[in-house]
Trainee: 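Submitted below is the structure of interest, expressed as structure tokens.
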Amino acid sequence: MSLAATTLRRGRRLAVTSLIAAAALSLTACQNGDDTASAAPSAAKSASHPSTTGGQSSATGGSGAQGGASAGRKGVSGTWTGKLKWLTEDKLTVAPDSGPEQAFHLLDNTEVRAAAALCEAPDGRVHTDAAGYGTTHCTLDDARKAARMGNVDVRVTVTHGTATKIAERYHP
């Protein structure tokens with residue numbers, strides 16, 4: 001194979017890799033502190049649209065977004081509702097009915113709570129809180145499996161880009 005063909009092939013690989021990396025970064029739906037363009041969400045839809053301005057978070061609609069920065073930790077903080085979707089082994093997304101899809105990281109201490117679809121309770125019954133979100137403890141593998149299916153409605157609480165709690169919304 002000639003040197004020109006090899007160089008062209010490497011150039012194409014580099015271009016494809018760059019494109020994939022740019023696409024993955026755009027999926028995080030980070031905003032540059034400009035929340036004025038988004039409409040106030042309803043309680044049934046996305047609960048917040050926080051920004052990533054150096055660790056300070058703002059939210060529309062009075063949601064559970066938390067402000068303040070932790071030493072060196074940046075990322076969005078807030079609560080979103082929507083379909084749980086797969087991105088990578090340790091990064092999932094939540095896709096609200098309206099608004100951008102929000103990516104978040106999973107850690108070993110991320111709480112996963114189910115009603116019926118994420119995992120089954122030991123007694124086989126559906127367990128929910130007063131708001132209709134599951135209370136049965138599940139594993140991260142259960143959340144990953146549900147994310148690959150892409151059909152489970154959840155509420156995800158995120159702090160500094162990492163999910164602290166994923167709770168399935170029960171609908172019979």
Side-chain angles (χ1 to χ4, degrees), residues 24-53 55-68 73-107 109-121 125-172:
L25 287 174
S26 69
L27 286 176
T28 61
C30 292
Q31 301 169 357
N32 292 326
D34 184 19
D35 288 344
T36 58
S38 63
S42 68
K45 305 243 184 202
S46 175
S48 69
H49 296 280
S51 66
T52 58
T53 55
Q56 294 176 343
S57 298
S58 64
T60 59
S63 72
Q66 301 172 353
R73 290 180 58 187
K74 294 182 181 177
V76 298
S77 295
T79 301
W80 288 266
T81 59
K83 298 279 186 206
L84 187 64
K85 295 191 176 188
W86 173 264
L87 193 56
T88 68
E89 185 70 19
D90 293 317
K91 194 171 187 181
L92 305 179
T93 67
V94 61
D97 291 335
S98 65
E101 194 168 344
Q102 179 61 53
F104 55 88
H105 293 277
L106 296 175
L107 292 179
N109 62 352
T110 300
E111 271 186 71
V112 181
R113 302 292 180 192
L118 277 172
C119 68
E120 188 174 318
R125 297 175 37 198
V126 174
H127 298 277
T128 62
D129 61 12
Y133 288 94
T135 58
T136 302
H137 178 71
C138 294
T139 66
L140 288 176
D141 286 336
D142 293 327
R144 290 179 181 110
K145 186 187 303 182
R148 285 188 174 125
M149 300 295 279
N151 61 356
V152 178
D153 288 322
V154 294
R155 176 180 61 201
V156 180
T157 304
V158 177
T159 303
H160 302 294
T162 302
T164 56
K165 185 174 183 179
I166 301 171
E168 175 191 349
R169 183 176 154 252
Y170 179 68
H171 48 84

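Along the sequence shown, residues carry numbers from 1.
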Trainee: Would you check if K74 and H160 make a side-chain contact, meaning some heavy-atom pair closer than 4.5 Å?
Mentor: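 Result no, sub-4.5 Å side-chain heavy-atom pair not found.
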Trainee: Suppose we screen for side-chain hydrogen bond (donor to acceptor under 3.5 Å, both in side chains). Which residues come up paired with H127, at least two apart in sequence or across chains?
Mentor: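 For H127 the side-chain hydrogen bond (donor to acceptor under 3.5 Å, both in side chains) partners, ignoring immediate neighbours, are D123.
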Trainee: Not counting sequence neighbours, which residues clear salt bridge (charged side-chain N to carboxylate O under 4.0 Å, His left out) with E120? List them please.
Mentor: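 Partners of E120 by the salt bridge (charged side-chain N to carboxylate O under 4.0 Å, His left out) criterion come out as none, since no residue qualifies.
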Trainee: How long is the straight-line distance from CD of E111 back to CG of N109, given to the nearest 0.5 Å?
Mentor: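 The CG atom of N109 sits 9.0 Å away from the CD atom of E111.
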Trainee: Would you call K83 and V152 a side-chain contact if the rule is heavy atoms closer than 4.5 Å?
Mentor: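 Not in contact.
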Trainee: Determine whether V76 and Q102 make a side-chain contact, defined as any pair of heavy atoms from C-beta on separated by less than 4.5 Å.
Mentor: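 A side-chain contact under 4.5 Å exists here.
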Trainee: What heavy-atom pair brings A143 and L84 nearest, and what distance separates the two atoms?
Mentor: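 That would be O-CD2, 3.6 Å.
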Trainee: When rounded to the nearest 0.5 angstrom, what is the spacing between CG in L92 and CH2 in W86?
Mentor: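 Those atoms lie 7.0 Å apart.
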Trainee: Quick one: pull up OG1 in T159 and CZ in F104 and give me the separation to the nearest 0.5 Å.
Mentor: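 Atom-to-atom, T159:OG1 and F104:CZ are 12.0 Å apart.
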Trainee: Taking all non-hydrogen atoms of both residues into account, name the closest pair between V156 and A163 and its distance.
Mentor: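 Nearest heavy atoms, V156 then A163: CG1-CB, 4.1 Å.
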Trainee: With a 4.5 Å cut-off on side-chain heavy atoms, are T81 and D153 touching?
Mentor: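 Sidechains of T81 and D153: no contact.
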Trainee: With the threshold set at 4.0 Å, does a side-chain nitrogen-carboxylate oxygen contact exist between E89 and R144?
Mentor: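 Yes, E89 and R144 are salt-bridged.
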Trainee: For D142, is there an ion pair with K145 - N to carboxylate O distance below 4.0 angstrom?
Mentor: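 Answer for the salt bridge query: no.
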Trainee: How close do L140 and L107 get, counting heavy atoms only, and between which atoms?
Mentor: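 Reported closest heavy-atom pair: CD1-O, 3.2 Å.
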Trainee: Under 6.0 Å from the ring centre and within 45 degrees of the ring axis: does the NZ or CZ of R169 meet both conditions for the six-membered ring of Y133?
Mentor: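 No.
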Trainee: Applying the side chain to side chain contact (heavy atoms under 4.5 Å, CB included) criterion to I166, which one of V94, L106, V158 satisfies it?
Mentor: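 The passing option is L106.
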Trainee: With a 4.5 Å cut-off on side-chain heavy atoms, are R113 and E168 touching?
Mentor: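 Heavy-atom side-chain distance check fails, nothing below 4.5 Å.
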Trainee: Where do A167 and G134 come nearest, in terms of heavy atoms and distance?
Mentor: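 Scanning both residues completely, I find the closest heavy atoms to be CB-O, 4.4 Å.
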Trainee: Nearest 0.5 Å, what's the OG1-NZ distance between T93 and K91?
Mentor: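 So the gap between those two atoms works out to 10.0 Å.
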